[in-house]
Amino acid sequence: MDQTAKTTSVSLIFDEMYTTAGEVRHHYQDIATQLFALPLEALAQKQREAEMLFRRLGITFAVYGEAAGAERLIPFDIVPRVFGSQEWARLERGLKQRVQALNTFLHDIYHEQNIIKAGIIPAEQVLNNNLYRPEMCGVDLPNQVYAHIAGIDLVRVAENDFYVLEDNLRTPSGVSYMLENRKTMMRLFPDLFATLSVAPVDHYPQLLLDTLRESAPAYIRDPVIVVMTPGAYNSAYFEHAFLASQMGVELVEGKDLFVHDYKVYMHTTEGPQQVHVIYRRVDDDFLDPTVFRPDSSLGVPGLVEAYCRGNVALANAIGTGVADDKSTYMYVPAMIEFYLGEKPILSNVPTWQLQKPEDLRYVLAHLPELVVKEVQGSGGYGMLVGPTSTPQEIAAYRERILASPANFIAQPTLALSTCPTLVEAGVAPRHVDLRPFVLSGKEIRLAPGGLTRVALAEGSLIVNSSQGGGTKDTWVLED
Amino acid sequence: MLSRTADHLFWMARYIERAENTARVLDVTHNTSLLPDDTEGAETHLWYAPLNISGCAEAYLTKHQLVESRAVNRFIALDPDNPASIYTSLMLARENARAVRGAITSEMWESINATWLELNRMMPTIDHANPSGFFDWVKERSHLFRGVTLGTILKDDALNFIRLGTFLERADNTARILDVKYHILLPSVKEVGGAADYYQWGALLRSVSAFEAYRKVYRDVITPQRVAELLILRADMPRSLHACLNEVDTTLEIINGISGRESRRRAGELHAALHFARIEDIFNQGLHEYLTDFLEKTDLLGQEIRSSYLAHRLEFIPVATQKMLAQVQ
């Protein structure tokens, strides 16, 4: 790419810190004068310190496909991504609105199915979806909440223009990085925190605990809560252990639990102890071998029955996947209008559903410009980013689409905003997204911030940690 | 607490303690090897002892033909293929800690994780001809971890199971050190009570940090009988069998739940035997026989603790009912 082309393409993209005229945005002023006043070597030194801290703390994730137990650090960038209080307030309203609609939708489709009767969403989209769980029909959940913890992926393309990329309603991860990133930044830059009012996020575990308590079966006064992990070799194991310890609850595996008389117990040194709320980080399919996959040893036989009888709460509920499916995604704005009677505050990315012949035709003709994703994919695996793919990659992907078009959706390649990032050559703009974590109990809560992910390779739009992305601390400045 | 968590904590503590004791054994062997001894096969004899103590003599001999200092040092200190090596012990300690990192304090995790990372970093630079610095480091990391544990953890069952693991392992290791010293090193010494004997028993005392204590308690020459008394019967000697069983006994008393009656009985019996024993009787029975018997009993106690608390029990008595039963009794 020649130099002119590069400059033009960069100038069209919204930068979190600089205006197109090259001026520093208001809420980045102090960072510009304090952080960027440091010589590059000093910044690089801080970066190394940060890495040392992370390694010492063992904040790692396992990468699938590598040797069992291989642990890697997620690269951490010391330049924070900053929101002003006004823009955050608007985002927060939009997130709460969206999560409320999604929870209402989930309750509806497992009960009256009004949205289907009203013709807003086709019955087959919901009922034929393999993440729809007929076992959940008619099951009443406390507060009618299904997605207690939602990780909503957002990208920004302009000043007031945020798009939701994905609603992660099953077992969204990354919140431990939000907390550890903040702790690290406070250690590295105490002066910045002393002069700026950065809204704190470290009460998140308390918010989560409150949310889980409120989700317990109604007749339990002092619920016993546990975090359930697939085990130490899961990629997000660090986070599972971290959240359990931050909340002061047990971290259990399936083999630590058993069901007796439709109640769930854990094996303790004192004998069996009943469990009332399970924050499970195990997918539906592995929860109960008597109902879902019989070959799975991660789950607990009888758990689903105990759950459906209301003797234990699961967060998130079984069957939430049908609402974060990428082909259900396009109906979310309609859900907001239908259930809440409000205009959506956050936008959806225009989406082509390849099961529709006319969408398929368009997408196949425009592959080099589009992003194509698997309907049930996650983690940035198995997607095609047209503009950065080779003709061979595109041709191979075309074959996959043609084999089963209904498995794919396509979206225009968005000009994700950039944020100054410390890379080897110095500070340079890199594309970012944002995953705030929205908690639903008796009310909807969120900590001011989220996980900012950054694509470290120049020009790359893929921010997933499994694909070499990094993270940044996310600051919401108070007035 | 969760049985599996207690199990991991128990083994985490045992492996840390084991790493420390293995370093102690190698250290005393190394120091003894510096003493002049021109007996035929002295080196083989001397370096066979640590292999025997840690139960890895057979594994060693499948890999090496000669029993000599560098190879034994490397095998016991750093060989990942040796399940009893310091390297393997520290790895397993970290694996157990990692499995329950939510149940230990972040300082404990950082300490154990830093130990592991540092070990891997220093591996290539360890000088097997002069390994004392490495042994000191292992002991220091173990001391540090114990200190961090006591300084940060809540005094609840997590700590209790850590203490159980620590003191059971230590009792076992002290008994082994004493046994091997008595039966493998002694015959090699020409004159019992001579200068070499003094230095060897002195080295053994130093290996369990008991040299100064010996001087303070006995103010006299070092004799095998007194060393044995110090390390078996003295309750005020931190690494003695009696002191370890004191800790095991009191810890079992304060662990919650009624499932550990048999463990408590066994520990109490073992403890009482040490409490009332006389060193003359032990020597009359034979030190080796006494220690073998002790090792067997500690092993049984360990198994009983595992089946009482740590393994998943099939009988169904919910905690609430147990508490009621406990109150009634």
Side-chain angles (χ1 to χ4, degrees), chain A residues 52-60 62 68-69 71 73 176 179-180 183 205 222 224 226-229 231-234 237-261 263-275 279 281 300, chain B residues 1-10 91 94-118 154 156-158 160-161 164 255-260 263 305-306 308-323 325-326:
Chain A
M52 228 175 57
L53 281 171
F54 278 101
R55 193 168 291 283
R56 199 179 141 81
L57 290 169
I59 304 176
T60 54
E71 294 163 37
L73 287 181
S176 54
L179 300 171
E180 290 294 349
K183 226 158 69 186
D222 191 14
V224 173
V226 298
V227 175
M228 181 179 175
T229 174
Y233 295 107
N234 183 269
Y237 177 72
F238 161 73
E239 175 153 306
H240 307 160
F242 175 86
L243 289 174
S245 82
Q246 293 291 306
M247 290 192 289
V249 305
E250 294 285 5
L251 176 69
V252 306
E253 295 177 18
K255 62 186 175 213
D256 298 318
L257 300 177
F258 67 97
V259 175
H260 181 87
D261 276 348
K263 295 189 183 91
V264 180
Y265 294 85
M266 57 179 165
H267 295 282
T268 80
T269 54
E270 301 174 59
Q273 184 175 17
Q274 198 184 338
V275 170
Y279 175 25
R281 297 288 295 259
V300 188
Chain B
M1 83 183 314
L2 207 61
S3 300
R4 187 175 48 83
T5 307
D7 191 43
H8 285 301
L9 292 172
F10 179 78
M91 180 190 77
R94 178 181 180 265
E95 279 302 293
N96 277 284
R98 190 170 119 82
V100 290
R101 58 183 286 180
I104 57 179
T105 64
S106 49
E107 287 94 338
M108 287 166 72
W109 165 251
E110 280 179 44
S111 163
I112 213 164
N113 194 38
T115 300
W116 173 245
L117 296 174
E118 212 173 316
L154 201 63
D156 63 4
D157 276 350
N160 291 333
F161 283 103
L164 273 186
I255 285 177
N256 288 316
I258 59 167
S259 42
S263 305
I305 289 173
R306 294 202 74 188
S308 308
Y309 300 107
L310 311 179
H312 297 164
R313 313 259 293 173
L314 293 175
E315 314 93 285
F316 186 82
I317 316 170
V319 173
T321 322
Q322 281 204 20
K323 281 195 175 132
L325 284 173

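Keep in mind that what you see is a predicted model, and the values were worked out from it rather than measured. All chains are named by letter (A, B, ...) in the order of the sequence lines, taking the proteins before the strands, and each is independently numbered beginning at 1.
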Item to complete: Could you list the residues that satisfy salt bridge (Lys or Arg N to Asp or Glu O under 4.0 Å) with A:Asp222, not counting sequence neighbours?
Response: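 Residues passing salt bridge (Lys or Arg N to Asp or Glu O under 4.0 Å) with A:Asp222: A:Arg213.
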Discussion item. Just to verify, what does A:Tyr279 make a ring-ring contact (aromatic ring centres under 6.0 Å, His included) with, not counting sequence neighbours?
Written reply: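 Applying ring-ring contact (aromatic ring centres under 6.0 Å, His included) to A:Tyr279 gives none.
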Item to complete: Heavy-atom distances under 4.5 Å only: say whether B:Leu2 touches chain A with side chain, backbone, both or neither.
Response: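 Contact with chain A: backbone and side chain both.
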Main-chain N/O of [Y] paired to [X] side chain as donor or acceptor, under 3.5 Å:
| X | Y | value |
| --- | --- | --- |
| B:Arg98 | A:Ala232 | yes |
| A:Tyr237 | B:Ala99 | yes |
| A:Thr269 | B:Met1 | yes |
| B:Ser3 | A:Thr268 | yes |

Worksheet item: What's the spacing between B:Trp109 CH2 and A:Phe242 CZ if we round to 0.5 Å?
Response: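 These two atoms lie 14.5 Å from each other.
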Discussion item. As an exercise, state the distance from CG of B:Leu310 to NE2 of A:His267, rounded to the nearest 0.5 Å.
Written reply: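 Answer rounded to 0.5 Å: 13.0 Å.
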Item to complete: Quick one: closest heavy-atom pair of B:Arg4 and A:Leu251, and the distance?
Response: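 Looking at all heavy atoms of both residues, the closest pair is NH2-O, 3.4 Å.
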Worksheet item: For A:Ser245 and B:Gly102, which heavy atoms make the closest approach, and how far apart are they?
Response: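 Answer, listing the atom of A:Ser245 first, then B:Gly102: CB-O, 3.0 Å.
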Fill in: Contact class of A:Gln246 relative to chain B, heavy atoms under 4.5 angstrom
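No part of A:Gln246 comes within 4.5 Å of chain B.
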Worksheet item: Which answer fits A:Val252, side chain, backbone, both or neither, if we ask what part of it has an atom under 4.5 Å from a heavy atom of chain B?
Response: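 Both backbone and side chain.
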